[in-house]
Amino acid sequence: MQFSKQLRERIARGRIRCSVRIWTRPHVKKGGRYPMGGGHVVVDSIVPIGLEDITYDLARESGFSSVDELLKTAKHGSGDNVYLIRFHYLPPGGWDLPPARP
């Protein structure tokens, strides 16, 4: 999973924890670990959404100043399917702990 350079620092600090992607099919999977900046982005969920679900608040949460800016970045291929991907950053040497059992 690739991110533009302007987003990477905020992802590594935990300020950005979601991304909207427009693909023909999912390119990541839940639980997948994808290298970034020495650490990894770990996908917590991937959910299909509609274009109408992309709001100003979601654009801001994804690190963009507007829906238009987000869509310019999200739409870079031939796909029509919109996905909301939630993730967390695992720093270099970090360990993901399994969820606590009730």
Side-chain angles (χ1 to χ4, degrees):
M1 197 164 161
Q2 301 292 315
F3 295 96
S4 63
K5 288 182 182 182
Q6 73 220 34
L7 299 177
R8 292 179 195 163
E9 182 180 338
R10 289 182 284 163
I11 290 169
R13 290 182 176 198
R15 296 192 182 256
I16 297 174
R17 296 178 50 102
C18 70
S19 182
V20 174
R21 301 296 171 105
I22 302 174
W23 289 329
T24 54
R25 59 179 172 69
H27 291 239
V28 297
K29 62 181 180 176
K30 182 179 177 182
R33 293 169 54 128
Y34 303 91
M36 188 194 86
H40 290 85
V41 169
V42 182
V43 175
D44 298 319
S45 66
I46 179 167
V47 178
I49 62 172
L51 281 173
E52 66 278 2
D53 297 320
I54 301 174
T55 62
Y56 173 77
D57 289 339
L58 182 56
R60 297 292 296 157
E61 185 182 356
S62 301
F64 295 95
S65 60
S66 68
V67 171
D68 287 340
E69 185 184 355
L70 181 150
L71 289 175
K72 285 178 190 172
T73 300
K75 178 83 174 147
H76 56 271
S78 61
D80 298 342
N81 301 312
V82 184
Y83 299 96
L84 174 59
I85 302 162
R86 297 217 175 259
F87 57 83
H88 64 277
Y89 181 72
L90 193 59
W95 290 83
D96 244 354
L97 299 176
R101 293 193 171 151

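Since the structure is predicted, the reported quantities are computational estimates derived from the model, not experimental observations. Hydrogens, waters and symmetry mates play no part in the numbers below; they use all other heavy atoms, side chains included.
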I need the [X] [atom1] to [Y] [atom2] distance, nearest 0.5 Å.
| X | Y | atom1 | atom2 | result |
| --- | --- | --- | --- | --- |
| E61 | T55 | CD | OG1 | 8.5 Å |
| L90 | H40 | CG | NE2 | 7.5 Å |
| C18 | I11 | SG | CD1 | 9.5 Å |
| I54 | L71 | CD1 | CG | 5.0 Å |
| L84 | S19 | CG | OG | 8.5 Å |

* Could you give me the CA-CA distance, side-chain angles and deciding distance for I85 and V47, then say whether side-chain contact (heavy atoms from CB on, under 4.5 Å) is met? => CA-CA 7 Å; I85 302 162; V47 178; over 6 Å; no
* Asked: Is there side-chain contact between K30 and D44, with at least one heavy-atom pair below 4.5 Å?
  -> no
* Asked: Are any non-hydrogen side-chain atoms of R25 and N81 less than 4.5 angstrom apart?
  -> no
* Would you kindly check if the NZ (Lys) or CZ (Arg) of R21 is within the cone defined by 45 degrees around the ring axis of F87 and under 6.0 Å from the six-membered ring centre? => no
[X] and [Y]: which non-hydrogen atoms are nearest, and at how many Å?
| X | Y | answer |
| --- | --- | --- |
| Y83 | P26 | OH-CD, 3.2 Å |
| S62 | V20 | OG-CG2, 4.2 Å |
| Y56 | V67 | N-CG2, 3.6 Å |
| D53 | L58 | O-CD2, 3.8 Å |
| G63 | L7 | O-CD2, 3.6 Å |
| G37 | P92 | O-CG, 4.2 Å |

* Shared hydrophobic cluster, W23 / L70 (ILVMFWY, side-chain heavy atoms < 4.5 Å) -> yes
* **Hydrophobic cluster identity match, V28 and I49, side-chain contacts under 4.5 Å** => yes
* To do: Please say whether more than 12 non-hydrogen atoms of neighbouring residues, nucleotides or ligands are located less than 6.0 Å from CZ in R15.
  => no
* Taking atom CD of Q6 as the centre, report whether more than 12 heavy atoms of other residues, nucleotides or ligands fall under 6.0 Å from it. => yes
* Any sub-3.5 Å donor-acceptor pair from K75's side-chain atoms to G79's backbone N or O? -> yes
* To do: Determine yes or no for a side-chain-to-main-chain donor-acceptor pair under 3.5 angstrom, with R86 supplying the side chain and R17 the backbone.
  => no
* To do: Give a yes or no on whether the ring-centroid distance for Y89 and Y34 is below 6.0 angstrom.
  => no
* Asked: Between R60 and E69, is there a side-chain N and carboxylate O pair less than 4.0 Å apart?
  -> no
* To do: Begin from the C-alpha positions of R8 and M36 and carry the test side-chain contact (heavy atoms from CB on, under 4.5 Å) through to its verdict.
  => CA-CA 8 Å; R8 292 179 195 163; M36 188 194 86; 4.0 Å; yes
* Decide yes or no on side-chain contact (heavy atoms from CB on, under 4.5 Å) for S78 and T24, but give the supporting numbers first. => CA-CA 7 Å; S78 61; T24 54; 3.8 Å; yes
